[in-house]
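Quick notes on the structure that follows.
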2 protein chains.
Amino acid sequence: MKLSERKKKILQYVVDDYISTAQPVSSKSITEKYMQGISSATVRSELAGLEELGYLNQLHTSSGRVPSIEAYKLYVTELMDKGGLTRKEVGEIKKAFNVHADNLETVVQNAVKIISELTDYTSVGMAAHSKKEKIVKLDIFRYKPNQALLLIVTENTLIRDKFLDIPEAMTDEQVKEAGKLASSYFTGKELGEIIKLGKLVEEEFAGYREIFNSVMNAIEEYVEKDKVGVVLEGEGKILNHPEYNNDSEKVKNFLSVVTSKDKLADLLSEENDDIEINIKIGGEDADMPKDCSLVTASYSAGGVNIGTYGVIGPLRMDYQKVVSVLEGVGKILEDILTNKK
Amino acid sequence: MKLSERKKKILQYVVDDYISTAQPVSSKSITEKYMQGISSATVRSELAGLEELGYLNQLHTSSGRVPSIEAYKLYVTELMDKGGLTRKEVGEIKKAFNVHADNLETVVQNAVKIISELTDYTSVGMAAHSKKEKIVKLDIFRYKPNQALLLIVTENTLIRDKFLDIPEAMTDEQVKEAGKLASSYFTGKELGEIIKLGKLVEEEFAGYREIFNSVMNAIEEYVEKDKVGVVLEGEGKILNHPEYNNDSEKVKNFLSVVTSKDKLADLLSEENDDIEINIKIGGEDADMPKDCSLVTASYSAGGVNIGTYGVIGPLRMDYQKVVSVLEGVGKILEDILTNKK
DNA sequence: AATTGGCAATCAAACAAAAAGAGTGCTAAC
DNA sequence: GTTAGCACTCTTTTTGTTTGATTGCCAATT
């Protein structure tokens, strides 16, 4: 099962070539483009070997080879060259972040946009909700006889508006009081801390127990998965790639995932805590569109996770470029955020 | 230029048939399906007349007829049958609104979703921001040395988070004071009223003039066009329709409009004040995808406009169904909102 | 034992020609 | 005004042929 050096090289060439041309790769083209000293017959037997091992596929007997999912996996982990960004690209990224950012969501928007532009793939991002964030402001006030509006602002300026069901019998005064109590109780606390508190609340604020529990639920929901904060860009770019050009089933499938913020939030929040760059290939995940790859990166500033960004595209994705861009954006973003804060 | 009754009937049949089959309509099929007592030759001469008048087109000499944009226009205004909704559909709509609505955006989301489901087209909605809405709460507080966060809550529970640039020299106290002043000044006022006030502010609150102006800008922007409030559903459904199936250029075009909330907000806020159902056909508008139709409806409850909803799809859209659904959803939505309030 | 040149076999893609079919427009008759 | 009939047009489908790319295998070579 161990691959010879030459097999690896050849596999790399096949994947490289297939990524850039979208055409099955022939033994001849390999000898011409990459390995002049060797004959095509030799490459052919190597290719046969790689196919045997499950790294390559043939569409029909007399066609060139196409990489298998296994091949892509090996490619991203071992085979591909790590390319950096050009000066120009770095410049473009910096410029993209230079525009006046109105709020945190705008920053995410900018990041996602430049990623999509530089890679030419659909890109997606989500600001992280660190459990270390503190609540800066909390307010509750009556909206309808049986509903109150909950307002939470955290350090990172993310705001949550949510309705709470309240008993009609409550007077405006009581609602106000509940708000005051909740505010003095929650303000200044870290989100994670609050979640951990769990059921303690029941005893202390018996009168407003329901309300307190609703507030805690809202906070928990917000930290765990904030689908509202998912930003998407370039959803149509999938059509720039030939494998999606005449297959509207595939496109439909792709769009159904990509346009569901729920699903995207799920995908982006998977196990990204410690890993920096994360590549998920093929339709292993129920939420992933079949025949797609997802490359994600988690960014942090000052040791705190500040968000997850990613690119979704065809299996035949330019991983090298994508990884470079994600790393580049991450670095610049982190610089900006650490300096500004 | 006046159409005979029979010409109108025939034109209606052609459009009906084309809408349901997506195939050019032949004289023979008309006599078979719709006008048994008449011969195909007669229909042919009528069709030739309608073509003369610009209502029909032929793809080539020996093909059936296809409706022109003019034909669609006439169809929606005069020709088409007005069909209602089935009991089942009404039931589905009611069910869709029965789920617990967390906030106003959820209501919009539900409406858009059920519209998309029932029509099988991409649908879009935007809550209206009536100038009559009053500000219920307004708050300003410091976020960074040179930025403050502005928070506005209106009767309809829409909240806007927005950063204001402030001089670093301002003390926290001053920010607080500005907030208090702004709150007491703006709270209770109608949005329209505030916009009209315009520059009066300059004199009165000289010390915090900048801040007051920023607040007013934010309010104006919010009333004029709130792109954040645009909700979209079923963007992939365009692919269910054959004219988009093998034309990825068209799809790309469509997606580029539909995925831009800016453009959608523009489209939805055009001149919808007094008209109830508004049909825009073909690519007259720069913001409209070419070869698309947009059907919008403005809903109101208690005399106040509460939002605009619409369906975007191919020219060959099932207008009858779409109009029925939009009307049906509007009616039910209005009922719910007027009762609840 | 690995490599190579040569060659038949395979298969998709491109092309061409022919046949089938759908629909029209026109005309002469009703 | 309506209709049957028919020639004509143009697309679609079918069928067959050619071309070209590529492989796998084998025997010869290094």
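Convention: sequence-line order gives letters A, B, ...; per-chain numbering from 1.
Among residues two or more places apart in sequence or in another chain, the side chain to side chain donor-acceptor pair (under 3.5 Å) test is passed with A:Glu117 by none. Not counting sequence neighbours, B:Lys331 has no partner by the salt bridge (charged side-chain N to carboxylate O under 4.0 Å, His left out) test. Taking the salt bridge (charged side-chain N to carboxylate O under 4.0 Å, His left out) definition, one finds that A:Arg316 meets it with A:Glu243, sequence neighbours left out.
Although no hydrogens or angles enter the test, the distance criterion places no donor-acceptor pair under 3.5 Å between the side chain of B:Thr296 and the main chain of B:Leu268. A distance-only check finds a donor-acceptor pair linking the side chain of B:Ser116 to the backbone of B:Tyr121 [under 3.5 Å].
Distance CD (A:Glu5) to P (C:dA2): 17 Å, rounded to an integer number of Å. The CD atom of A:Glu46 sits 10 Å away from the C1' atom of C:dA2 (whole-angstrom rounding). Rounded to a whole Å, the CG atom of A:Leu56 is 11 Å from the P atom of D:dG24. The CG-C1' distance, from B:Asn57 to C:dG23, rounds to 16 Å in whole Å. Here D:dT22 presents its C1' atom at 13 Å from CD of A:Glu51, a figure rounded to the nearest Å.
For B:Thr42, the side-chain atoms get nearest to D:dT2 when compared with the rest of C:dT24, D:dT23, D:dT2.
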Does the pair A:Leu239 and B:Leu255 meet the rule for a side-chain contact (heavy atoms from CB on, under 4.5 Å), with working shown? CA-CA 10 Å; A:Leu239 294 162; B:Leu255 285 178; 4.1 Å; yes
Walk me through it: do B:Val323 and B:Ile279 pass the test side-chain contact (heavy atoms from CB on, under 4.5 Å)? CA-CA 9 Å; B:Val323 171; B:Ile279 301 185; 4.3 Å; yes
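Listed by residue number, B:Gly37 are the residues of residues 15-37 of chain B with a heavy-atom contact under 4.0 Å to DNA chain D. The stretch residues 7-14 of chain A does not touch DNA chain D, since none of its heavy atoms comes less than 4.0 Å from the strand.
For the pair B:Tyr309 and B:Gly125, the tightest heavy-atom approach, listed with the atom from each and the gap, is CD2-CA, 3.8 Å.
Applying the 4.0 Å criterion to OP1 and OP2 of C:dT24, one finds that B:Arg65 has a side-chain N or O inside that range.
With 3.5 Å as the limit, one finds no donor-acceptor pair spanning the side chains of B:Asp16 and B:Tyr34.
Enclosure of atom NZ in A:Lys9 is not indicated, since only 12 or fewer non-hydrogen atoms of other residues, nucleotides or ligands lie within 6.0 angstrom.
In this structure, B:Arg65 does not pair ionically with B:Glu46, as no charged nitrogen and carboxylate oxygen lie closer than 4.0 Å.
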Could you go over nucleotides 6-14 of chain C and give all protein N or O partners under 3.5 Å, atom names and distances?
from, atom 1, to, atom 2, distance (Å)
C:dG6, O6, A:Arg44, NH2, 3.4
C:dT10, O3', A:Thr61, OG1, 3.1
C:dT10, O2, A:Ser62, OG, 3.0
C:dC11, OP1, A:Thr61, OG1, 3.0
C:dC11, O4', A:Ser62, OG, 3.4

